[in-house]
Amino acid sequence: MTTTKDPKEKGPTIKTTAQPAQTNGVAGGLMKRLRRSASVTEHNLSSLRNRKSTQHLFDQHGNPIDLQQYRKVLDKDENGNGTSEKKLRYRRTQSVTRAEEISNKEAKQRKAQPDRSIHRPRDSLFSWSSGFTNFSGLVNWAFLLLCMGGLRLGLENLLKYGIRINPIDWYFFLSGRNEGEGHNSLFLVLYSFVHISICLAVEKGLALEIISEGLGMFIQTINIIVSVCFPVVIIHLKGSTFSIMGATTVCFYYAILFLKLWSYVQTNMWCRKTYYQRQPRERRPSISVAELERNHKSGVEDDEDVAKLVQYPDNLSYKDLMYFLLAPTLCYELNFPRTSRIRKHFLLKRLLETFVGVNVVLAIVQQWITPSVRNSLIPFSNMNMGVATERLLKLALPNHLCWLCFFYLMFHSFLNAIGEVMYFADRNFYCDWWNANNIDTFWRTWNMPVHRWCVRHLYIPVVQMGYSSRQASTMVFLFSAFFHEYLGSVPLQTYKIWAFLGMMGQIPLSIISRYIERRLGPRMGNIIVWASIILGQPLCIMCYYHDYVITHFQTALNGTEFQNS
């Protein structure tokens, strides 16, 4: 192989024959000549090894030189020893290429056979290795089968009990006309303005430094705790004057008020700490004047195109607090995202969905759930596990259907309607909880207002106090379990711990669901989530109904009405 200067090219060219060296001596000489010939354009041998283009490399006939023919030589050093890295790379590449070559040749040979072969290596579609994922037909089949099963149960209920739907009874139940005395529930709701006014007055006192920080936070803590405990005392003492629906409404309202006042106080505390860091701590003659001076010193200029944000303590007013109490959120901010207008068509659709959804839920409860719950009383009381399990499964379908309707009308229809009226722009009230692969994901996605409150005002502060994330999560579940029990036991005046135990049972169930997700895949984890929802709720309903009847109507257990059902 010789090297000459090609007049048509700017760089040197390599003149060689197309046959590679066969012996070690020839290979070593070829190696040295390649290095010498390429020394003008290639700085080192590694550049020649990594070179992919054959430009400026021609043989004596003017044909390009294929460097792949000399790959074995290029992968060796000057002493003829190949490095382990180069050998490994070459052998791996050769094995893959060789396997593909063999497969292609075998396929061509089979195709050329006169027997018209139709078989090839394939996996069954139900095998994970097949890669097949289109099971939409089976999903349609399952949905159709579910509808047929639900229709059969609905027809059985209709033939057995007749038409039980009566809108007049709904009105009596919602208004409490045949239960209780007077309008005690309404009075309790109106009494909440006392707690609201105390909260706002203390916040203004803290902002003006009329009240010390320690005294102010003590008053706020007592006020918030009393707001959630006061309905419990009144309903317990005057239980006969409250209807079930009225007591439930009062407890639900005060639970939301507790969470909102907590958020309001804690958020203003964060703003107050930041405000005091920017302002001197001595007594100021006027907060508004101090604000103007601070803005003037910081060089803040008004811009007509930029919306002016509310600054602390200008937010401490009844107007701001009442907007927060009516807005569909539990977390307070000084400046909520707002919409520019009310979409009348969107609002009308949400209101219509709410009205229809409430009637559907009441119809399902009256026609389907009530008879199933009443029929479960005797087997559940006698611990007849076989019959009790059958009643539980029979109650699961209508209860789950009712729960799904309630979720849609509450988190989509009603909260969107409230948000539209209040110009509230954040409408993320739920996420795709139906795809949750474990219990933790379900509780983080199905009720976003409560989840955001727990993370912002409970989980993060507990972690900042030095506790671990697991301890903080346990604290969140304890807090949630308390309010689930609060909304169940207080209206029924049956103080049990079934809802509390059900929520605390989510902790071991969460560990089990994550373990199943890791070992058996996300699909099995999602099945565990759905099973806990479908079976857990009717079991809790049966427990509370049994204890409610035992507590208030114990003689009804001996009636023929229940024995013959």
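All values below come from the heavy atoms of this structure, side chains included, with hydrogens, waters and symmetry mates left out.
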For this session: Apply the test side chain to side chain donor-acceptor pair (under 3.5 Å) to residues Ser192 and Tyr253: give CA-CA distance (whole Å), side-chain angles for both, the deciding distance (0.1 Å), then the verdict.
Result: CA-CA 9 Å; Ser192 65; Tyr253 172 79; 2.6 Å; yes
Can you check whether [Y]'s main-chain N or O pairs, donor with acceptor, with [X]'s side chain at less than 3.5 Å?
{"X": "Ser513", "Y": "Ile439", "value": "yes"}
{"X": "His484", "Y": "Ser480", "value": "yes"}
{"X": "Gln220", "Y": "Val265", "value": "no"}
{"X": "Asn223", "Y": "His195", "value": "yes"}
{"X": "Gln471", "Y": "Ser468", "value": "yes"}
{"X": "Gln506", "Y": "Gly502", "value": "yes"}
{"X": "Lys260", "Y": "Leu325", "value": "yes"}
{"X": "Thr494", "Y": "Leu492", "value": "yes"}
{"X": "Glu517", "Y": "Asn438", "value": "no"}
{"X": "Asn435", "Y": "Asn437", "value": "no"}

For the residue pair His400 and Trp530, does the interplanar ring angle fall in the parallel (under 30°), tilted (30 to 60°) or perpendicular (over 60°) class? perpendicular
TODO: Look at the aromatic rings of Trp443 and Trp446 and report parallel, tilted or perpendicular, splitting at 30° and 60°.
DONE: perpendicular
Paired with Arg452, the side chain to side chain donor-acceptor pair (under 3.5 Å) test is passed by just one of Thr329, Asn428, Asn447, namely Asn428
Please report the interatomic distance [atom1]([X]) to [atom2]([Y]), rounded to the nearest 0.5 Å.
{"X": "Phe218", "Y": "Glu213", "atom1": "CZ", "atom2": "CD", "result": "14.5 Å"}
{"X": "Asn184", "Y": "Ile235", "atom1": "CG", "atom2": "CD1", "result": "10.0 Å"}
{"X": "Leu261", "Y": "Thr221", "atom1": "CG", "atom2": "OG1", "result": "11.5 Å"}
{"X": "Ile224", "Y": "Ile198", "atom1": "CD1", "atom2": "CD1", "result": "11.0 Å"}

pair [X]-[Y]: side-chain heavy atoms closer than 4.5 Å:
{"X": "Leu401", "Y": "Leu397", "answer": "no"}
{"X": "Val360", "Y": "Val356", "answer": "yes"}
{"X": "Leu330", "Y": "His457", "answer": "no"}
{"X": "Val455", "Y": "Ile460", "answer": "yes"}
{"X": "Phe442", "Y": "Ser532", "answer": "no"}
{"X": "Tyr430", "Y": "Thr445", "answer": "no"}
{"X": "Thr249", "Y": "Ser185", "answer": "no"}
{"X": "Met269", "Y": "Met217", "answer": "yes"}

Worksheet item: With a distance cut-off below 6.0 Å to the six-membered ring centre and an angular limit of 45° from the axis, does Lys496 pair with Tyr544 as a cation-pi contact?
Response: no
Lys/Arg cation over aromatic Phe411: Arg427, 6.0 Å, 45° cone
no
Do other residues, nucleotides or ligands put more than 12 heavy atoms under 6.0 Å from the [atom1] atom of [X]?
{"X": "Tyr323", "atom1": "OH", "answer": "yes"}
{"X": "Leu144", "atom1": "CG", "answer": "yes"}
{"X": "Tyr191", "atom1": "OH", "answer": "yes"}
{"X": "Met410", "atom1": "CE", "answer": "yes"}

Over all atoms of both residues, closest heavy-atom pair of [X] and [Y]:
{"X": "Ile211", "Y": "Gly216", "answer": "CG2-N, 3.6 Å"}
{"X": "Leu316", "Y": "Ala207", "answer": "CD1-CB, 3.6 Å"}
{"X": "Ser263", "Y": "Cys331", "answer": "OG-CA, 3.3 Å"}
{"X": "Pro538", "Y": "Ala396", "answer": "CG-CA, 4.0 Å"}
{"X": "Ile364", "Y": "Cys402", "answer": "CG2-CB, 4.2 Å"}
{"X": "Asn526", "Y": "Trp434", "answer": "ND2-O, 3.0 Å"}

Kindly determine whether Leu395 and Met542 satisfy side-chain contact (heavy atoms from CB on, under 4.5 Å), including the steps that lead there.
CA-CA 9 Å; Leu395 177 62; Met542 291 169 60; 3.8 Å; yes
*Does the ring centre of His451 sit less than 6.0 Å away from the ring centre of Trp433?*
no
* **Sub-6.0 Å ring centroid separation between Phe483 and Phe479** => yes
Sequence neighbours excluded, the answer for side chain to side chain donor-acceptor pair (under 3.5 Å) partners of Ser510 is Asp440, Arg514
Residues at least two apart in sequence or cross-chain that pass side chain to side chain donor-acceptor pair (under 3.5 Å) with Ser473, listed by chain then number, are none
Requested in this report: List the steps, then state whether side-chain contact (heavy atoms from CB on, under 4.5 Å) holds for Met422 with Leu326.
Outcome: CA-CA 8 Å; Met422 301 298 296; Leu326 295 176; 3.8 Å; yes
Might you work through the side-chain contact (heavy atoms from CB on, under 4.5 Å) test for Met322 and Phe193, ending with a clear yes or no?
-> CA-CA 10 Å; Met322 293 307 299; Phe193 284 93; 3.8 Å; yes
| said: ring pair (Phe, Tyr, Trp, His ring centres under 6.0 Å), that's the test. Do Tyr486 and Tyr254 meet it? Break it down for me. | reply: CA-CA 10 Å; Tyr486 179 84; Tyr254 271 90; 8.7 Å; no
Problem set entry | Side-chain donor-acceptor contact under 3.5 Å, Tyr318 with Ser197 | yes
Can a donor-acceptor pair be found between the side chains of Asp320 and Tyr332 at a distance below 3.5 Å?
-> yes
Inset, instruction - May I have the step-by-step check of ring pair (Phe, Tyr, Trp, His ring centres under 6.0 Å) for Phe424 and Phe336, ending in yes or no? - result: CA-CA 7 Å; Phe424 191 80; Phe336 290 104; 5.6 Å; yes
Requested in this report: Please lay out, stage by stage, how Phe355 and Leu409 fare under the test side-chain contact (heavy atoms from CB on, under 4.5 Å).
Outcome: CA-CA 9 Å; Phe355 176 77; Leu409 73 90; over 6 Å; no
Quick one, Tyr264 with Asn315, criterion side chain to side chain donor-acceptor pair (under 3.5 Å). Give me CA distance, side-chain angles, the key distance, then yes/no. CA-CA 11 Å; Tyr264 185 77; Asn315 63 305; 4.8 Å; no
N/O donor-acceptor pairs under 3.5 Å from side chains in residues 344-352, not counting sequence neighbours:
residue: Arg350; atom: NE; partner: Glu353; partner atom: OE1; Å: 2.9
residue: Arg350; atom: NH2; partner: Glu353; partner atom: OE1; Å: 3.2
residue: Arg350; atom: NH2; partner: Glu353; partner atom: OE2; Å: 2.7

